[in-house]
Amino acid sequence: MTADTSPYPLERLEIQVGPHTHGALAAGPADGELVLLLHGWPEFADSWSEVLPGLAAAGYRALAVDQRGYAPAARPDGVASYAVTELVADALAFADSQGADRFHLVGHDWGGLLAWVLAGTHPDRLRSVTSLATPHPGALRRAVTEDADQQRRSEYVGLFRTPGTAEESLLADGAALMRQAFGGHVPEALVDANIRRLSEPGALTASLNWYRAPAETFALPADRITVPTLYVWGTEDIALGRTATELTAEWVDGPYRFEALDGVSHWLPEEVPDRVTALLVEHLGRHS
C-alpha cells in the first residue's frame, strides 16, 4: 500500500442485513482493500474513531459497524438471536455490502472473539485477522477451566449471564459499574455516549445476550487459524490474563505475530489508537 497523508473524513453509513439496519463509520478510498473492524462490550463503532483515519491514510477502506444488539434497528428478541453463528453471518454480510470477496478483519474484546471464530470457519474470506485484547476462544476456555487467575478475572461473566440482575446492577447509581469497567482509559465523552446508548430500552439486554447465548462461559466454536494473524494484548488488562494470551499461539498454524503493550489496559483502540494503527498498517501491508 502507498501511504496517503491526505485526511479522509469519517463517513456515516447504514448497512442493511436482512431485516436489520446497522449504523457504521467508514473512511478511505472506495477501491481500497476492506478492513472490517468489530467492537466489543460495552462499545460501539465509534470506539474505532481514532483508528479509522490512519487506516484510510494508508490506502485502506476501513469500516466499523454497530453490531447486532447495539444498533437500535438490529435488536432482535431472544438469546438465540445472538448465537455466534448469527454474529458471524452479520460480519460476512457487512463485508458483502462493500463488495469485498476477501478482507482484513480486526476485532476488539467480543469483536476479537468473533474475529477468531470467523477466521477459523471462513479462512477463504480473509486476507488477515487481528484480535485486540482477546485470546483465541480455545485458549481462553482452557484458561477459564484451569487457571485460577483467569477464573478470578472472569467472575464478572456470571453476573452478565444472569438476566435482570445484570441489567439492574450495571445501570444502578448512574451506571457506576460500567463506568468503573473503563477504568479511566477511555475518553469520558465516549463513556457517557456508550452508557446513554446502552440505557435505551432493550439495548443493554441485547448487548448482554452475546454473553448469554453460549451454553457455557466462552464456549465458542474454536477452529485452528491458518490465515495471517496479529494478536495485541495490554499487560494491564484486568479481564484477560497472561495464561490465555500465551496459549493462543498453540491455536495458530498460519503466520503469527504477538505484541504485548506494556502498561496498556484492555481498551486498546481508545487508549492507544496510534500504536494500534501502526501495528495494523504494518500487519495489513505484509498480507495485502
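These values consider heavy atoms only, across backbone and side chains, with no hydrogens, waters or symmetry-generated copies. Since we're looking at a predicted model, the values are computed, not measured.
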Study note, to complete from the structure: OG1 (Thr235) and CG (Asp262) are apart, to the nearest 0.5 Å, by 5.0 Å
**Study point:** Test item: Glu250 and Thr248 side chains (from C-beta on) under 4.5 Å apart, heavy atoms
**Key:** no
Check your understanding: Considering all heavy atoms of both residues, which atom of Pro135 and which atom of Leu113 are nearest to each other, and what is their separation?
Key -> O-CD2, 3.9 Å
**Study point:** Reference residue Leu132; test side-chain contact (heavy atoms from CB on, under 4.5 Å); the match among Leu279, Leu268, Leu38
**Key:** Leu268
Exercise for review: Using the test ring-ring contact (aromatic ring centres under 6.0 Å, His included), find all partners of Trp251 that sit at least two apart in sequence or belong to another chain.
Suggested key: His136
**Study point:** Any residue meeting side chain to side chain contact (heavy atoms under 4.5 Å, CB included) with Ala62, in chain and number order, not counting sequence neighbours
**Key:** Leu37, Leu52, Leu55
Check your understanding: Does CD1 in Ile238 sit with more than 12 non-hydrogen atoms of other residues, nucleotides or ligands closer than 6.0 Å?
Key -> no
**Study point:** Ser97 side, atom OG; Leu13 side, atom CG - distance, nearest 0.5 Å
**Key:** 8.0 Å
Check your understanding: Side-chain contact, heavy-atom cut-off 4.5 Å: Thr243 with Asp149?
Key -> no
Check your understanding: Transitively linked via ILVMFWY side-chain contacts under 4.5 Å: Leu230 with Val129?
Key -> no
Exercise for review: If a pair satisfies side-chain hydrogen bond (donor to acceptor under 3.5 Å, both in side chains) and one of its residues is in residues 74-86, list it, with sequence neighbours excluded.
Suggested key: Arg75-Glu200
Check your understanding: Is a donor on one side and an acceptor on the other found under 3.5 Å between the side chain of Arg153 and the backbone of Asp237?
Key -> yes
**Study point:** Joint hydrophobic cluster, Val79 plus Val88, side-chain heavy atoms closer than 4.5 Å
**Key:** no
Report, one line per pair, each donor and acceptor closer than 3.5 Å where one atom sits in a side chain of residues 137-144; sequence neighbours left out.
{"unit_1": "Arg141", "atom_1": "NH1", "unit_2": "Thr217", "atom_2": "O", "d": "2.6"}
{"unit_1": "Arg141", "atom_1": "NH2", "unit_2": "Glu216", "atom_2": "OE1", "d": "2.6"}
{"unit_1": "Arg142", "atom_1": "NE", "unit_2": "Glu146", "atom_2": "OE1", "d": "3.2"}

Review point. Taking only residues two or more places apart in sequence, or in another chain, which ones meet Arg275 in a salt bridge (Lys or Arg N to Asp or Glu O under 4.0 Å)?
Key: none
Point to revise | Side-chain heavy atoms of His39 within contact of Tyr70, under 4.5 Å | key: yes
**Study point:** Those residues that, when tested against Phe160, pass ring-ring contact (aromatic ring centres under 6.0 Å, His included) (two or more places apart)
**Key:** Trp41, Tyr156, Tyr211
Practice item. List the atom of Gln150, the atom of Gly241, and the distance in Å for their closest heavy-atom pair. Key: OE1-N, 2.9 Å
Practice item. List for me each residue that meets salt bridge (Lys or Arg N to Asp or Glu O under 4.0 Å) alongside Arg102, sequence neighbours excluded, and say none if there are none. Key: none
Exercise for review: Could you grab the distance from atom CD1 of Ile195 to atom CE of Met178, nearest 0.5 Å is fine?
Suggested key: 5.0 Å
Check your understanding: Quick one: does Ser265's side chain have a donor or acceptor within less than 3.5 Å of a partner on Glu236's backbone?
Key -> no
Practice item. In sequence, state the C-alpha distance, the side-chain angles, and the governing distance for His283 and Thr229, and then conclude on side-chain contact (heavy atoms from CB on, under 4.5 Å). Key: CA-CA 8 Å; His283 176 61; Thr229 300; 5.6 Å; no
Review point. Stepwise, does the side-chain contact (heavy atoms from CB on, under 4.5 Å) test hold for Val35 with Phe103?
Key: CA-CA 6 Å; Val35 184; Phe103 59 99; over 6 Å; no
Check your understanding: Does any non-hydrogen side-chain atom of Thr245 lie less than 4.5 Å from one of Leu240?
Key -> no
Exercise for review: For Asp90 and Val65, run side-chain contact (heavy atoms from CB on, under 4.5 Å): C-alpha distance rounded to whole Å, both residues' side-chain angles, the deciding distance at 0.1 Å, then the answer.
Suggested key: CA-CA 10 Å; Asp90 285 347; Val65 184; over 6 Å; no
Study note, to complete from the structure: Here the salt bridge (charged side-chain N to carboxylate O under 4.0 Å, His left out) pairs for residues 277-288, sequence neighbours left out, are Arg257-Glu282, Glu282-Arg286
Check your understanding: Any sub-3.5 Å donor-acceptor pair from Asp66's side-chain atoms to Ala45's backbone N or O?
Key -> yes
Check your understanding: Between Trp116 and Leu220, is any pair of side-chain heavy atoms under 4.5 Å apart?
Key -> no
Check your understanding: Is the closest side-chain heavy-atom distance between Arg127 and His104 below 4.5 Å?
Key -> yes
Review point. Is it the case that Ser288 and Glu33 place a side-chain donor and acceptor less than 3.5 Å from each other?
Key: yes
Practice item. Without swapping roles, check the side chain of Thr205 against the backbone of Gly202 for a donor-acceptor pair under 3.5 Å. Key: no
Check your understanding: Quick one: side-chain hydrogen bond (donor to acceptor under 3.5 Å, both in side chains) pairs with a partner in residues 168-191, sequence neighbours left out?
Key -> Arg179-Asp192
Practice item. Quick one: which residue pairs count as a side-chain hydrogen bond (donor to acceptor under 3.5 Å, both in side chains) with a foot in residues 16-31, not counting sequence neighbours? Key: Gln16-Thr21
Exercise for review: Is it possible for you to say whether Trp110 and Leu159 belong to one hydrophobic cluster, with membership spreading through side-chain heavy-atom contacts below 4.5 Å?
Suggested key: yes
Review point. Shortest non-hydrogen contact from Pro214 to Ala219?
Key: CB-O, 3.9 Å
Point to revise | Asp46 versus Leu25, closest heavy-atom pair with distance | key: CA-CD1, 3.7 Å
Check your understanding: Would you find a donor on one side and an acceptor on the other, under 3.5 Å apart, between the side chain of Ser154 and the backbone of Gln151?
Key -> no
Review point. Any side-chain heavy atom of Leu114 within less than 4.5 Å of one from Gln67?
Key: yes
Review point. Any idea which heavy atoms bring Arg125 and Ala100 closest together, and the distance?
Key: NH2-O, 2.9 Å
Review point. Are Val186 and Val232 in one and the same hydrophobic cluster, where Ile, Leu, Val, Met, Phe, Trp and Tyr link if side-chain heavy atoms are under 4.5 Å apart?
Key: no
**Study point:** Evaluation steps, side-chain contact (heavy atoms from CB on, under 4.5 Å), between Val117 and Leu87
**Key:** CA-CA 10 Å; Val117 174; Leu87 306 176; over 6 Å; no
Practice item. Determine which pairs satisfy salt bridge (charged side-chain N to carboxylate O under 4.0 Å, His left out) with at least one residue from residues 50-62, sequence neighbours left out, and list them in order. Key: Glu11-Arg61
Study note, to complete from the structure: Here the gap from Leu204 atom CG to Leu171 atom CG, rounded to the nearest 0.5 Å, amounts to 5.0 Å
Check your understanding: Is the Phe182 ring parallel, tilted or perpendicular to the Trp267 ring (thresholds 30°, 60°)?
Key -> tilted
Check your understanding: What closest approach, in Å, do Tyr8 and Ala56 show between heavy atoms, and which atom pair accounts for it?
Key -> CE1-O, 3.4 Å
Exercise for review: State which residues pass ring-ring contact (aromatic ring centres under 6.0 Å, His included) with Phe258; sequence neighbours excluded, sorted by chain then number.
Suggested key: Tyr231
Check your understanding: Are Ser128 and Leu284 close enough that some pair of their side-chain heavy atoms sits under 4.5 Å apart?
Key -> yes
